[in-house]
Amino acid sequence: MNIELSLKSAIKQALSALFQVEEEVILQPTKSDFEGNYTYVVFALVKQLRKSPADIANAIGEYLKTNTTYIKNYNVVQGFLNLVLADEVWFDILNGILADENFGILPKNNQSVMVEYSSPNTNKPLHLGHLRNNFLGFSVSKILEANGYDVVKTCLVNDRGVHICKSMWAYQQFGNGETPESSGIKGDHLAGKYYVIFDKHYKSEVAALMQEGMSEEEAKKNAPAIKAVQEMLIKWEQGDKETVALWRKMNDWVFAGFNETYQKIGVSFDKTYYESNTYLLGKDLVEEGLLSGIFFKKENGSVWIDLKEEGLDEKLVLRADGTSVYITQDLGTTDLKFHDFHINKAIWVVGNEQDYHFEVLFAIMKKLGRNYADGCYHLSYGMVELPEGKMKSREGTVVDADDLVDEMIETAEVTTRERGKIDDFTNEDADILFQMIALGALKYFLLKVDPKKKMLFNPADSISFEGNTGPFIQYTHARICSILRKASSQGISVNSRIKNVEIAKSETELIFVLSEYPNAVKKAGDEYSPSVIANYTYELAKTFNQFYAEISIMNETDTDKQQFRLALIKAVSETIRKATALLGIEVPIRM
RNA sequence: GGAUCCGUAGCUCAGCUGGAUAGAGCAACAGAUUUCUAAUCUGUGGGUCGCAGGUUCGAAUCCUGCCGGGUUCACCA
């Protein structure tokens, strides 16, 4: 049963019967300082009914108490009607949750959505910012699935362009045939190494030219290294055998490196697009737009669109020389996505520095008459900053994803070993646990903050496993499993249907929080926000721990009470597991 | 300068579709373990919700202006 809906309709009925009014009923959880579970605010009715708030509230309360079975009691404070649910209701709710294998999974909505995330460049390894992106994308995919969508996870790899040629050229010049195997360096890091080497080399060339009297601007254009890279790009586009072979070789190293990282952090894709395949797309859309008069050509041959009516500006969609710009490609790939899959919506998980780009992209799609344009959404997330400021690759302040994960695993190991609770684990099981805790901590840390907001990554906080953290939630799950193991070892099984018993406040609170899980899933889906799930899960874990500190289960002599509590904590552990799964976090049965 | 996002406790963040005395975690301090995992729990202190107006019975929440900060405004991606 959904008590909230039942209550709402009962109140609606009361309003109609008592005052002959039709009103949308909004309920809120009662603040903990007051007695009650749900609160109805009556101020809005005062003017209309010309009665005092207290009179209205009392009348409704009395009506509910006599005409429904949900309400044990009520109290009125100012215009707030606080409703205390009848004991039976708690058992109904819990039985409903226990009987529903798919608790928190919304029915299929026959809609499908594509979530594009990660989308790395193949010239350097993943860093902390990518982790936020990957965790967000993966989690949002899971959340949308739980909201009834079919989800296609995609990754658009930026595997071509000037920046890729930079690492290629530097490797050609200074690589001496080094490979991941010969150097022991992970492929993506190896490519990144040469990207850095290029940058150094290029800078020294620029500096030398400036010494000779060239302006900085000129020097940057004329440095031999950058010219060589530009030539290389042209050769690549012409399909020059040697260039393409080098490109393929280095990209393969990078992909191998990325895959290793993806596997370790537990993200995956259903479909990978490569920009090397798609970068030419979009030109036919430019043609289309020109024909329909949505785009226009300037004297030099460049193609533009006027988006002033949309509150934007004029925007270039094709260069004078006929080559694509960034947005041209995106026009093409967007069409491709909707063509390849029968999707109703497409989501791009991309940092907020591209807000303008996506505004323009969607506006153009709409003008081109693509009826899917309204289903396009830019999940724009804020930057991850360090205590000393922004991450800057040039200043070496970038936090590398692989290094960070490894450090977290080490910390998890040290912290866990210290407690001495898993001394009997095999090394293999222990390693699985350390990784689970490390990633739980990291993912939770990055996901608990509203995606839209920029966030601070403080290394000291991120390795904390106490308080509002992933490991706290994992620990709570392990605690529950420990009790269930104890019950099982005593031959006590957990019934999936429980009897009504005397119930304590910490128990009703726990059931209340449990009952809100589907709301959290819905809200997280509507807002594309894993932080809603993270905050919910923390609330649930915290409420359980309060209950745990107060109420014993295995020492309970009343078997009905014990059964009730076992069923309750089982539901809690399962809900924790389901909720954390939506965040891409696993929970252990011991830790 | 235009556009856009943000500003809540010492720090990191919730709350923002208007509701009661603005909540958590960390840090500080004081307690709880012969009892199901103390990675836990209980308590104490800590706030002009950037500032000023406005709308309303009621504003952290909505509107306007200002102050402070981020991002963006390439024939780069």
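Quick caveat: nothing in here was measured; it's all calculated off a predicted structure. Each chain gets a letter, A, B and so on, in the order its sequence line appears, and its residues count up from 1.
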Should the side chain of [X] and the base of [N] be counted as holding a donor-acceptor pair, with the cut-off at 3.5 Å?
X: A:Ser531; N: B:A14; value: no
X: A:Thr416; N: B:A39; value: yes
X: A:Asp330; N: B:A77; value: no

Please measure how far the [atom1] atom in [N] lies from the corresponding atom in [M], and state the result in whole Å.
N: B:G50; M: B:C5; atom1: C1'; value: 16 Å
N: B:C62; M: B:G15; atom1: P; value: 13 Å
N: B:C63; M: B:U4; atom1: P; value: 12 Å
N: B:G65; M: B:G1; atom1: P; value: 15 Å
N: B:U48; M: B:U61; atom1: P; value: 16 Å
N: B:G47; M: B:A24; atom1: P; value: 15 Å
N: B:A59; M: B:G46; atom1: P; value: 25 Å
N: B:C36; M: B:A20; atom1: P; value: 41 Å

For A:Gln28 and A:Trp304, find the nucleotide of RNA chain B closest to each by heavy atoms; which residue's nucleotide sits nearer the 5' end? A:Gln28
I want to confirm an ordering. Mapping A:Arg319 and A:Ser464 to their closest nucleotides on RNA chain B, which one lands closer to the 5' end? A:Ser464
For RNA chain B, report each stem as range with range, ordered by first number, or say none. Use Watson-Crick or G-U wobble pairs under 3.5 Å, at least 3 in a row. B:1-7 with B:67-73, B:10-13 with B:23-26, B:28-32 with B:40-44, B:50-54 with B:62-66
Can you tell whether the side chains of A:Lys31 and A:Asp33 come within less than 4.0 Å, N to carboxylate O? no
Between A:Lys315 and A:Glu310, is there a salt bridge with N-O shorter than 4.0 Å? no
Rounded to whole Å, please give me the gap between [atom1] in [X] and [atom2] in [N].
X: A:Tyr326; N: B:A77; atom1: OH; atom2: P; answer: 10 Å
X: A:Ile473; N: B:G25; atom1: CD1; atom2: P; answer: 13 Å
X: A:Phe425; N: B:U37; atom1: CZ; atom2: P; answer: 13 Å
X: A:Phe564; N: B:C36; atom1: CZ; atom2: C1'; answer: 16 Å

Looking at A:Gln546, I'd like to know whether one of its side-chain N or O atoms comes within less than 4.0 Å of OP1 or OP2 on B:U42. yes
Nucleotide nearest [X] when distance is taken to its side chain, options [options]:
X: A:Asp33; options: B:A14, B:U40, B:U21; value: B:U21
X: A:Val449; options: B:A14, B:G25, B:U37; value: B:A14
X: A:Asp450; options: B:A14, B:A39, B:A77; value: B:A14
X: A:Tyr356; options: B:A39, B:U72, B:U12; value: B:U72
X: A:Phe34; options: B:U72, B:G19, B:A20; value: B:A20
X: A:Lys421; options: B:A14, B:A77, B:U37; value: B:U37
X: A:Thr415; options: B:U21, B:A39, B:G19; value: B:A39
X: A:Arg485; options: B:C73, B:A14, B:U37; value: B:U37
X: A:Phe43; options: B:C41, B:C36, B:C57; value: B:C57
X: A:Glu353; options: B:U40, B:U72, B:A14; value: B:U72

Is there a stack between [X] and [N], judged by ring centres under 5.5 Å and planes under 30°?
X: A:Phe80; N: B:G19; answer: no
X: A:Phe472; N: B:A39; answer: no
X: A:Tyr538; N: B:A24; answer: no

With A:Lys561 via salt bridge (Lys or Arg N to Asp or Glu O under 4.0 Å) - residues at least two apart: A:Glu502
Taking salt bridge (Lys or Arg N to Asp or Glu O under 4.0 Å) as the test, write out the residues that go with A:Asp55, two or more places apart. none
Do other residues, nucleotides or ligands put more than 12 heavy atoms under 6.0 Å from the NZ atom of A:Lys522? no
Taking all non-hydrogen atoms of both residues into account, name the closest pair between A:Ser493 and A:Gln563 and its distance. O-NE2, 2.8 Å
Might you point out which heavy atoms bring A:Pro29 and A:Glu516 nearest each other, and give the distance in Å? CG-OE2, 4.2 Å
Answer yes or no on whether A:Arg590 is positioned over the face of A:Phe425, meaning its NZ or CZ is under 6.0 Å from the six-membered ring centre and within 45° of the axis. no
Test the A:Arg479-A:Tyr548 pair against the cation-pi criterion, namely NZ or CZ under 6.0 angstrom from the six-membered ring centroid and within 45° of the ring axis. yes
In this structure, is the centre-to-centre distance between the rings of A:Phe362 and A:Tyr377 below 6.0 Å? no
